[in-house]
2 protein chains.
Amino acid sequence: MIKIQQNTLYGEAAARIRDMINEGSLLPGVRIPEKQLCEQFGISRTPLREALKVLAFEGMVELLPNRGARVMRLTRQMLEETYNVMGALEGLSGELACRHVTEQEVADIQALHYQMMAHYKRGEIRPYFELNQRIHDAIMLAARNDTLRETYSSLNYRIQRVRYSTHMIDEYWDQAVADHEAMIECLLARDGERLGAILREHLRHKLVVAAASGVIDEDQPTAV
Amino acid sequence: MIKIQQNTLYGEAAARIRDMINEGSLLPGVRIPEKQLCEQFGISRTPLREALKVLAFEGMVELLPNRGARVMRLTRQMLEETYNVMGALEGLSGELACRHVTEQEVADIQALHYQMMAHYKRGEIRPYFELNQRIHDAIMLAARNDTLRETYSSLNYRIQRVRYSTHMIDEYWDQAVADHEAMIECLLARDGERLGAILREHLRHKLVVAAASGVIDEDQPTAV
DNA sequence: TGAGCTATTTTTGTATTCATAATTCATTTT
DNA sequence: AAAATGAATTATGAATACAAAAATAGCTCA
């Protein structure tokens with residue numbers, strides 16, 4: 001099967017750089033040498049630089065005039081800010097989802113939830129995370145607001161690397177699962193206000209976990 | 001006074017195109033011919049194209065592969081979506097502002113408020129809008145969350161053209177002023193939750209005004 | 001030997017050029 | 001005459017070339 005390559009070079013490049021940052025092959029604070037990446041991707045500098053512009057706007061890299069691009073460092077402050085904003089957005093997604101969600105979607109989300117619970121009980125963290133993400137995505141989709149979804153997604157990119165490297169402490173994990181139980185109840189009852197509130201709180205808990213995991217650059221630039 | 005030209009060509013170009021869209025010299029849906037703008041700005045295509053990438057990410061223009069850039073049209077749907085998201089963000093700004101705002105800032109905001117009220121009583125809509133914007137900005141600043149501010153600002157760009165062209169009906173104007181009175185009270189009482197709720201509602205009212213003003217492209221693409 | 005300056009190299013920012021896809025216009029055919 | 005096809009033109013996407021700024025290295029001189 002031939003993949004239809006609708007994507008432009010700069011879009012492709014942006015995606016790859018994003019992945020590299022999230023996977024840790026490009027470390028926070030380090031310079032991104034255009035030439036090297038061009039060779040690596042087999043493209044010229046023009047589309048690569050366009051990609052960097054997009055990523056800069058996303059907040060993945062910072063562009064210093066005449067001094068090139070650097071991978072944005074996540075300070076504790078920034079992470080806190082981002083989680084707060086994402087909390088507000090997820091809260092809205094919950095409210096809107098309760099208004100627009102279909103029976104079918106609720107059923108699907110419930111199914112995902114039970115699947116997730118199974119992984120939780122077995123202590124399988126990776127699959128748990130996977131399902132968790134899919135549930136949140138499903139709620140976001142049910143909100144029927146693409147602007148919201150894109151805004152959220154853009155912020156989410158920035159902190160993916162933290163999420164990936166997060167390892168759960170049991171206590172927080174239990175709390176997260178409890179949040180999810182309550183979320184399902186709200187969805188069934190179409191209680192948007194409460195679902196919104198839970199989602200906001202839910203993100204606040206996640207922040208604590210992320211902060212504890214120690215992947216954050218403290219505000220004073222540590223080397224690298 | 002010499003303006004410090006820290007800005008790059010692409011940043012300058014992006015700003016100018018933004019302004020052109022907001023002022024109406026580039027109309028929704030029309031193609032943006034690269035060559036023409038290059039001549040107009042006196043720059044080459046490279047920085048201009050970089051500018052378009054940024055604007056595309058902001059949601060000001062849409063980039064169709066091999067078919068160039070078009071000014072994004074504001075459908076009713078999009079406007080509604082955007083106002084919802086901005087409402088959530090302003091709501092958060094209110095909550096955070098009540099936590100972080102200084103006495104001095106509250107006093108400044110109050111001063112702006114009274115200034116605004118004076119214009120309201122005199123029916124001076126332009127200066128009223130100006131002060132109104134500054135009050136919201138001040139609250140946003142008091143929230144001490146740059147991520148929030150930038151996210152909000154990016155969405156705000158998209159709908160500036162609607163705001164500019166909005167003419168107030170007395171009824172809505174009265175409502176807006178009432179909202180503002182309540183906002184000041186909340187700020188003084190540091191009642192973040194209520195301030196947040198008011199701001200969310202406040203934006204909902206603005207949507208009604210914008211929708212009524214008829215500057216929106218309906219979802220079915222009208223010519224142009 | 002070390003500090004400061006200059007020259008060289010490297011890298012970034014911008015312009016130009018080349019290739020390819022889309023659009024337009026003319027011609028042909030039904 | 002209208003529709004369809006194909007050639008010419010134009011615009012976009014990407015690569016290369018050039019200019020300017022920053023980083024580096026080497027050199028001089030105290």
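Every chain is numbered from 1, with letters handed out A, B, ... down the list of sequences. Heavy-atom basis, side chains included; hydrogens, waters and symmetry copies ignored.
The stretch residues 36-45 of chain A participates, sequence neighbours left out, in these side chain to side chain donor-acceptor pair (under 3.5 Å) pairs: E34(A)-R45(A).
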Item to check | Stepwise side-chain hydrogen bond (donor to acceptor under 3.5 Å, both in side chains) check, H136(A) with E90(A) | outcome: CA-CA 8 Å; H136(A) 286 278; E90(A) 276 223 42; 2.9 Å; yes

Checklist entry - Run the side-chain contact (heavy atoms from CB on, under 4.5 Å) check on F41(B) and L48(B) step by step: do they pass? => result CA-CA 9 Å; F41(B) 295 170; L48(B) 186 101; 3.9 Å; yes

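The nearest whole Å value for the distance from the CG atom in L52(B) to the P atom in dA11(D) is 15 Å. The distance between atom CG of L48(A) and atom C1' of dG13(C), rounded to the nearest whole Å, is 14 Å.
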Checklist entry - In B/S/- notation, 5' to 3', how is nucleotides 13-21 of chain D contacted by protein heavy atoms closer than 4.0 Å? => result BSBBB---S

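The side-chain hydrogen bond (donor to acceptor under 3.5 Å, both in side chains) search around E105(A) returns T102(A), R144(A), not counting sequence neighbours.
The shortest distance between side-chain heavy atoms of N145(B) and E80(A) does not fall below 4.5 Å.
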